[in-house]
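Working notes for the structure below.
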Amino acid sequence: MAVYLALAKYTDKGIQHVRDSPKRLDAAREMLRAMGGDIREVWLTMGEFDLVFAYEASDDAVAARFMLLLGQQGYVRTSSLKAFPEAAYREIIASLG
């Protein structure tokens, strides 16, 4: 499974309904599980982003679909990063020659 990081900011609608955020997180977790993925970690953050979470998906298309479905709800706007674990990082660097 590929690992992705999502950086999320509450929209105006999201901050107005912030008390329901844990319920929406639970629903998002179930939605991703139905797609064959999993949310591994979630952090409430201070600064430019309100939430950061790490999740697994079988491929980029599943990850993109998950992010689009979250955004479609209107509570958060996200930026996504594909993450490579340390072993893959070392392999990629070693392949440079």
Nearest 0.5 Å, what's the [atom1]-[atom2] distance between [X] and [Y]?
X     : Y     : atom1 : atom2 : result
Leu68 : Thr78 : CG    : OG1   : 8.0 Å
Gln73 : Thr11 : CD    : OG1   : 10.5 Å
Leu25 : Leu51 : CG    : CG    : 8.0 Å
Lys13 : Tyr75 : NZ    : OH    : 4.0 Å
Glu48 : Ser79 : CD    : OG    : 8.0 Å
Leu69 : Leu32 : CG    : CG    : 10.0 Å

Just checking, Arg40 and Phe53: is the charged tip under 6.0 Å from the six-membered ring centre and within 45° of the axis?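 No, Arg40 does not lie over the aromatic ring of Phe53.
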Taking only residues at least two apart or on different chains, which pairs with a member in residues 57-66 satisfy side chain to side chain donor-acceptor pair (under 3.5 Å)?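 Residue pairs passing side chain to side chain donor-acceptor pair (under 3.5 Å), neighbours aside: Tyr4-Asp60, Asp60-Lys82.
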Can a donor-acceptor pair be found, under 3.5 Å and without considering hydrogens, that links the side chain of Arg77 to the backbone of Gly71?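 Yes, the answer is positive, given that a donor and an acceptor are paired below the 3.5 Å cut-off.
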Same cluster for [X] and [Y] if Ile/Leu/Val/Met/Phe/Trp/Tyr side chains link at under 4.5 Å?
X     : Y     : answer
Val42 : Leu70 : yes
Trp43 : Leu7  : yes
Met35 : Met67 : yes
Val76 : Ile15 : yes
Met46 : Val52 : no

With no hydrogens and no angle check, just 3.5 Å: does a side-chain donor-acceptor pair link Tyr10 and Ser21?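 Present: a donor and an acceptor within the cut-off.
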A side-chain contact here means heavy atoms from C-beta on lying under 4.5 Å apart; do Ser80 and Tyr55 qualify?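 Yes, side chains in contact.
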Distance-minimising heavy-atom pair for Ala57 and Ala63: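 So the two residues come closest at CB-N, 3.9 Å.
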Side-chain hydrophobic cluster, 4.5 Å single linkage: members besides Phe84: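 Members other than Phe84 - counting any ILVMFWY side chain reachable under 4.5 Å - are Ile92.
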